[in-house]
Asker: 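Below: one structure in structure tokens.
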Amino acid sequence: MSDWKAKRFWKDATVVPAPQGHTVELDGRPVKTPAKQPLILPTQAMAKAVAAEWDAQEGVIDPNLMPVTRTANSAIDKVASQHAEVAEMLSDYGDSDLLCYRADTPEELVKRQKAHWDPMLDWAAEVLGARLEPRVGIMHQPQDPDALEVLRRRTHAMNNFELAAFHDLVSLSGSLVLGFAATMGARDIEVLWDISRLDEAWQAEQWGRDDAAEALAEVKKAAFLHAWRMFALCQAE
């Protein structure tokens, strides 16, 4: 019995209106989350993406090929019941944001961090209204509480689906600022990912590339790009 896996049993996956959004039905039967809750999606675009994932399944169902469905399930089954806790955890990244912790040597790395990270901190000050200051070294130095409160309010204001996507944008990049920049289209999404990987790229230039590390980085990048797409689907209507 441990080898049993669910197989496709439906012919058509369709999007239908539902209270407070849309849902997906398989031959007329509504899809539910793993916790057996109704899969109510906030936008038709997201519902269409979920339906497309179900429609693409052949033979044995592979959840790994259903990222939008998985994130939607997480928003409903996990984030909804602990929204404040998730928002607070992500808000805490502001006080230890990747972009604020700088090297003191070598000079080329210092210049590269300044060239790529300072503009993002300036963007956060101008657009988000939160000025975070860079620090030299890895020892924690608290940021301005007023700036952190601005970022905290913005994070807590997100709905469950936005927060589920935002979680991965922030945790994968290590930066609350880059997470907001991704959701607001401040830079091309691939550029934002590269900005978050600046230190790793520097190390690879100095010591050579590691195949295992690069493979893991590609997995994380794919997850980051998916989170960006998921947040966009929340805003599609």
Side-chain angles (χ1 to χ4, degrees), residues 42-43 46 67-68 70-72 74-75 78-80 82-102 113 115-135 138 140-201 216-236:
T43 66
M46 187 182 297
V68 179
R70 288 203 322 271
T71 304
S74 178
K78 298 178 180 178
V79 176
Q82 49 186 342
H83 184 281
E85 292 87 344
V86 174
E88 196 64 19
M89 181 269 289
L90 295 175
S91 299
D92 287 344
Y93 273 82
D95 201 32
S96 58
D97 199 285
L98 167 76
L99 304 182
C100 294
Y101 286 84
R102 309 294 179 86
Q113 289 177 339
H116 291 280
W117 290 357
D118 279 6
M120 299 312 305
L121 295 181
D122 292 341
W123 173 85
E126 179 181 351
V127 176
L128 302 179
R131 166 61 70 180
L132 300 182
E133 299 292 344
R135 321 297 196 191
I138 60 174
H140 176 257
Q141 298 180 46
Q143 294 286 344
D144 176 13
D146 291 338
L148 295 178
E149 182 57 28
V150 169
L151 298 176
R152 179 171 286 107
R153 287 198 303 268
R154 285 181 174 271
T155 304
H156 278 265
M158 293 181 184
N159 65 40
N160 296 327
F161 289 88
E162 292 169 337
L163 199 61
F166 193 61
H167 173 276
D168 287 354
L169 290 171
V170 174
S171 62
L172 288 167
S173 67
S175 169
L176 189 60
V177 170
L178 291 180
F180 278 116
T183 67
M184 301 175 72
R187 301 284 190 281
D188 179 86
I189 191 63
E190 300 233 7
V191 170
L192 292 176
W193 177 250
D194 289 342
I195 289 174
S196 79
R197 301 287 299 176
L198 187 150
D199 283 351
E200 288 81 0
L216 179 58
E218 284 302 311
V219 171
K220 291 181 177 180
K221 179 180 179 180
F224 185 77
L225 295 179
H226 161 68
W228 169 71
R229 179 194 177 209
M230 191 72 187
F231 198 96
L233 288 173
C234 295
Q235 311 296 311

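Remember, predicted model here, so these are calculated numbers, not experimental data.
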Asker: With rounding to the nearest 0.5 angstrom, report the OH to OG distance, Y93 to S173.
Answerer: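 Here the interatomic distance stands at 8.0 Å.
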Asker: Counting distance only, does the side-chain N/O of R154 pair as donor-acceptor with the main-chain N or O of E149 below 3.5 Å?
Answerer: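 Pair absent, no side-chain N/O of R154 close to backbone of E149.
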Asker: On a heavy-atom basis, which atom in N160 and which in V79 lie closest, and how many Å separate them?
Answerer: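 Looking at all heavy atoms of both residues, the closest pair is O-CG1, 3.7 Å.
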Asker: Ignoring hydrogens and angles, tell me if any N or O in the side chain of S91 forms a donor-acceptor pair with the backbone of A87 under 3.5 Å.
Answerer: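 Looks like yes, one N/O pair under 3.5 Å.
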Asker: Check the pair Q113 / D199 against side-chain contact (heavy atoms from CB on, under 4.5 Å), numbers first and verdict last.
Answerer: CA-CA 8 Å; Q113 289 177 339; D199 283 351; 2.9 Å; yes
Asker: Donor-acceptor pair, H83 side chain versus M158 backbone, under 3.5 Å?
Answerer: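 Indeed, once roles are kept as given, a pair shorter than 3.5 Å links the two residues.
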Asker: Between H140 and S96, is a side chain to side chain donor-acceptor pair (under 3.5 Å) present by the stated rule, with each step listed?
Answerer: CA-CA 7 Å; H140 176 257; S96 58; over 6 Å; no
Asker: Measure the spacing between CG of L169 and CE of M230 and express it to the nearest 0.5 Å.
Answerer: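 One finds 11.5 Å between CG of L169 and CE of M230.
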Asker: Give the minimum heavy-atom separation between T43 and C234, together with the two atoms involved.
Answerer: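 Taking T43 first and C234 second, the nearest heavy atoms are CG2-O, 3.4 Å.
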Asker: Looking only at heavy atoms, which two atoms of M184 and V127 are closest? And how far apart?
Answerer: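 Answer, listing the atom of M184 first, then V127: CE-CG1, 3.6 Å.
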Asker: Between D118 and R102, is the closest basic N to carboxylate O distance under 4.0 Å?
Answerer: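 Salt bridge: yes.
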Asker: Would you find more than 12 non-hydrogen atoms of other residues, nucleotides or ligands less than 6.0 Å from E85 atom CD?
Answerer: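 Count over threshold, so yes.
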Asker: Please confirm whether the backbone N or O of L99 pairs with a side-chain atom of S175, one donor and one acceptor, at under 3.5 Å?
Answerer: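 No.
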Asker: Are the side chain of H167 and the backbone N or O of V86 linked by a donor-acceptor pair below 3.5 Å?
Answerer: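 No; judged by distance alone, with no hydrogens or angles, the pair does not exist.
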Asker: Nearest 0.5 angstrom please: L148 CG to R153 CZ, how far?
Answerer: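 Separation between the atoms: 11.0 Å.
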Asker: What's the spacing between T71 OG1 and K78 NZ if we round to 0.5 Å?
Answerer: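 These two atoms lie 10.5 Å from each other.
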Asker: CZ/R197 to CG/L192 distance, rounded to the nearest 0.5 angstrom?
Answerer: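 Reported value, rounded in 0.5 Å steps: 14.5 Å.
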Asker: Given side chains that start at C-beta, do those of D194 and H116 come closer than 4.5 Å, heavy atoms only?
Answerer: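 Sidechains of H116 and D194: no contact.
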Asker: At what distance, to the nearest 0.5 angstrom, does CD of E133 lie from CD of Q141?
Answerer: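 Spacing of CD (E133) from CD (Q141) equals 11.0 Å.
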Asker: Where is the tightest heavy-atom contact between I189 and A182, given as atom of each residue plus distance?
Answerer: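 Of all heavy-atom pairs spanning I189 and A182, the closest is CD1-CB, 3.6 Å.
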Asker: Do the side chains of L132 and L176 get nearer than 4.5 Å, heavy atoms only?
Answerer: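 No, their side chains stay 4.5 Å or more apart.
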Asker: Only one of D122, D144, D146 passes salt bridge (charged side-chain N to carboxylate O under 4.0 Å, His left out) with R131; say which it is.
Answerer: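 It is D122; the other options fail the test.
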Asker: Is there a donor-acceptor pair under 3.5 Å between the side chain of W117 and the backbone N or O of Y101?
Answerer: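 Pair absent, no side-chain N/O of W117 close to backbone of Y101.
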Asker: Could you tell me whether the side chain of K221 reaches within less than 4.5 Å of the side chain of E190, counting heavy atoms only?
Answerer: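 Heavy-atom side-chain distance check passes, below 4.5 Å.
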Asker: Judged by modelled atom types alone, do E162 and Q235 share a side-chain donor-acceptor pair under 3.5 Å?
Answerer: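 Yes, a side-chain donor-acceptor pair sits under 3.5 Å.
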Asker: Would you say that P42 contacts M46 through its side chain, given a criterion of any heavy-atom pair below 4.5 Å between the two side chains?
Answerer: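 P42 reaches M46 side chain to side chain.
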Asker: Taking C-beta and beyond as the side chain, do D97 and Q143 meet within less than 4.5 Å on heavy atoms?
Answerer: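 Answer no - side chains too far apart.
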Asker: Any ring pair (Phe, Tyr, Trp, His ring centres under 6.0 Å) involving residues 172-198? Give me the pairs, sequence neighbours left out, ordered by first then second residue.
Answerer: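 Listed once each, the pairs are F166-F180, W193-F224.
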Asker: According to ring pair (Phe, Tyr, Trp, His ring centres under 6.0 Å), who are the partners of F161, at least two apart in sequence or on a separate chain?
Answerer: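 For F161, no residue satisfies ring pair (Phe, Tyr, Trp, His ring centres under 6.0 Å) once neighbours in sequence are set aside.
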Asker: With sequence neighbours excluded, give me every salt bridge (Lys or Arg N to Asp or Glu O under 4.0 Å) pair touching residues 86-96.
Answerer: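 Residue pairs passing salt bridge (Lys or Arg N to Asp or Glu O under 4.0 Å), neighbours aside: E88-R152, D92-R152.
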